[in-house]
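The sequence lines fix the lettering, A, B, ..., with proteins before strands; numbering per chain opens at 1.
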Amino acid sequence: MSEFGRLLGSIARGKHYTTVIDLCKQMESSGIAHNVHTFTILINCFCNLSHLGCAFSVLAKMLKLGLHPNAITFTTLINGLCLDGKVHDALKLFEVVEPTVVMYGAVINGLCKSGNNELGLQMLKKMERSGLEPNIVIYNTIIDGLCKDGRVTEAEKVIDSMNSRGVKHDLLTYNVLMNGFCLHNQMEKATKLFDVMVGSGYVPDTFSYTILINGYLNIERIDEASRLLSEMCNKGWLPNTVTYNAFIGGLCKAGRIHGAQEVFENMCCNGPPPNLNTYITFLDGLCKQGHLDLALTVFKLMRERKMNPTVVIYNILIHGMFNFGMFEVARGLFLSLFHKGLKRNIHTYNKMISGLCKEGLFDAAYQLFRQMESDGCPPDSWTYTAMLSGLHQSNDTSTADQVLREMADKGISAN
RNA sequence: GAUAAAAUUACUCUA
């Protein structure tokens with residue numbers, strides 16, 4: 001039985017979540033019983049596929065069988081709730097179970113990732129008071145949240161207090177800090193920190209290099225990014241899909257479409273294989289630079305390579321088409337979302353409405369605006385702004401007033 | 001009781 005758990009665990013670690021779920025079904029039908037361990041693995045798989053409902057059904061089944069979920073089960077569920085954006089529910093669950101260090105790690109991560117650094121810091125304090133010692137994972141989580149928020153100085157203070165509590169920083173701490181500098185146009189500081197890190201005996205990994213590479217690419221320093229790429233290769237670190245995706249984005253941004261295409265084609269032929277983000281990055285770059293024909297070719301290629309376009313891919317193309325006057329193509333793409341069974345999101349509608357208004361197609365825009373609610377995408381402040389501007393352009397003051405009232409009723413204010 | 005299951009870093013669509 002524990003053999004089975006081990007098997008499931010290793011498959012789950014390889015991220016083959018659906019395989020695990022299938023195996024569990026087979027296991028059940030052949031009468032092999034679950035235990036807390038295998039149930040928890042199953043819950044984690046559902047969480048990682050964002051099938052929270054299924055995850056909680058498994059929990060219910062566990063309870064019905066008289067099995068007691070343990071701290072790991074709860075941590076898994078808390079993490080799943082956070083991944084699904086339900087941080088409040090995660091907190092509620094957290095409050096009714098006996099906390100552990102890892103459980104704190106999961107909620108703090110959920111809080112920091114959802115823009116609640118303050119609550120994350122409060123949790124850290126609460127944890128310290130409760131007698132549980134925060135570990136390096138918890139500190140790195142907080143430091144990352146602060147760095148991404150541009151609060152690198154505060155992050156450095158957290159490092160000091162962490163050190164004085166006897167927790168030593170690690171390679172991740174350096175990577176997180178470097179990324180903080182890179183994201184806020186402080187490449188000199190990032191580079192200096194890289195040198196400090198190497199000088200202290202840490203061996204930079206693929207993350208370290210990709211962080212710096214991406215930083216240089218963001219300021220269009222392709223030369224320096226390429227130099228780092230060779231350096232990392234010489235040191236024996238293989239650039240991965242993320243590293244190349246960063247190059248594709250950076251090259252497109254610098255207008256070097258040909259270079260980006262070369263990187264992309266090389267990935268297709270020699271690996272590492274392009275993933276969804278490769279297509280998102282490349283298509284977005286192509287569309288922003290007005291290379292719509294090539295974008296459509298890549299879009300076709302994507303489907304030939306059995307990579308399923310998502311709504312994000314469609315949004316990018318729709319946006320590109322509107323920007324370069326091909327609004328009929330954009331409308332066609334919008335319609336194919338329905339044919340393909342892909343759910344529209346707020347980006348889709350905001351792009352469509354502002355695009356249609358730009359073309360003077362106010363009625364069409366208004367029609368979409370009115371279908372948003374029933375399509376599960378309630379308009380946000382940006383939708384209202386775009387729609388109102390369209391209504392004003394078409395001198396439809398009565399509709400504009402009505403929309404303004406609705407907006408006020410919903411407590412949404414203009415941008 | 002565990003040589004099995006849980007939390008942290010890079011690429012990633014709109015004004």
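Within the structure, side-chain hydrogen bond (donor to acceptor under 3.5 Å, both in side chains) contacts touching residues 182-192 of chain A (residues at least two apart or in different chains) are A/Thr191-A/Tyr216.
Contacts of A/Asn415 with the nucleic acid, taken as non-hydrogen atoms under 4.0 Å apart, are absent. In this structure, A/Asn350 reaches the bases: a heavy-atom distance under 4.0 Å links it to at least one base atom across the strands shown. Here A/Val176 lies in heavy-atom contact (under 4.0 Å) with sugar-phosphate atoms only. Counting non-hydrogen atoms under 4.0 angstrom, A/Thr76 reaches the backbone sugars and phosphates but no base. Across all strands shown, A/Asn70 has heavy atoms under 4.0 Å from base atoms, whether or not it also approaches the sugar-phosphate. Using a 4.0 Å heavy-atom distance criterion, A/Thr141 is classed as a sugar-phosphate-only contact. No contact: A/Lys358 has no heavy atom under 4.0 Å from any strand.
For the pair A/Arg13 and B/rA5, the criterion of a side-chain N or O lying under 4.0 Å from OP1 or OP2 is met. For the OP1/OP2 pair of B/rU8 and a distance below 4.0 Å, the side-chain nitrogens and oxygens of A/Asn109 include at least one atom meeting the criterion. Applying the 4.0 Å criterion to OP1 and OP2 of B/rU12, one finds that A/Lys253 has every side-chain N and O outside that range. Side-chain N/O atoms of A/Lys148 include one lying less than 4.0 angstrom from OP1 or OP2 on B/rA10.
Look at CD1 on A/Ile353: it is 21 Å from P on B/rC13, rounded to the nearest Å. In this structure, the CG atom of A/Leu7 is 12 Å from the P atom of B/rA5, given to the nearest Å. The interatomic distance linking A/Ile159 (CD1) with B/rU8 (P) rounds to 18 Å, in whole Å. For A/Asp170 and B/rU9, the CG to C1' distance is 9 Å, given to the nearest whole Å. Atom NE2 in A/His169 sits roughly 16 Å away from atom C1' in B/rU8 (whole-Å rounding).
Classification of A/Arg227 and A/Asp223 as a salt-bridged pair fails, no side-chain N sitting under 4.0 Å from a carboxylate O.
Picking from B/rA10, B/rA5, B/rC13 the nucleotide with the shortest atom distance to the side chain of A/Val242 gives B/rA10. Minimum atom distance to the side chain of A/Lys351 is reached by B/rU14, of the listed B/rU9, B/rU14, B/rA7. Of all nucleotides listed (B/rU9, B/rA15, B/rA5), B/rA15 comes nearest to the side chain of A/Asp380.
Among the candidates A/Phe299, A/Tyr349, A/Tyr279, A/Phe338, the single residue satisfying the ring pair (Phe, Tyr, Trp, His ring centres under 6.0 Å) test with A/Tyr314 is A/Phe299.
Remark: the A/Asn245 side chain and the B/rA10 base include no donor-acceptor N/O pair separated by less than 3.5 Å.
For residues 39-68 of chain A, proximity to RNA chain B is found at A/Thr40, A/Ile41, A/Asn44, defined as any non-hydrogen atom under 4.0 angstrom from a strand atom. Within residues 82-92 of chain A, no residue places a heavy atom under 4.0 Å from RNA chain B.
In this structure, A/Lys92 places its NZ atom where only 12 or fewer heavy-atom neighbours from other residues, nucleotides or ligands lie under 6.0 Å away. No more than 12 heavy atoms of other residues, nucleotides or ligands lie within 6.0 Å of CG in A/Asp293, so this atom counts as exposed by the packing criterion.
Annotation: A/Phe282 is not in aromatic contact with A/Tyr244 [ring centroid separation under 6.0 Å not met].
Comparing B/rA6 with B/rA2, their C1' atoms sit 16 Å apart, to the nearest whole Å.
For the atom pair A/Cys82 SG and A/Asn79 CG, the distance stands at 6.5 Å (nearest 0.5 Å).
Side-chain contact check for A/Asn415 and A/Thr385: at least one donor-acceptor pair (N or O, by modelled atom type) lies under 3.5 Å. A donor-acceptor pair shorter than 3.5 Å can be found between the side chains of A/Asn240 and A/Thr243.
Using a 4.5 Å heavy-atom threshold, the side chains of A/Pro309 and A/Lys340 count as separate.
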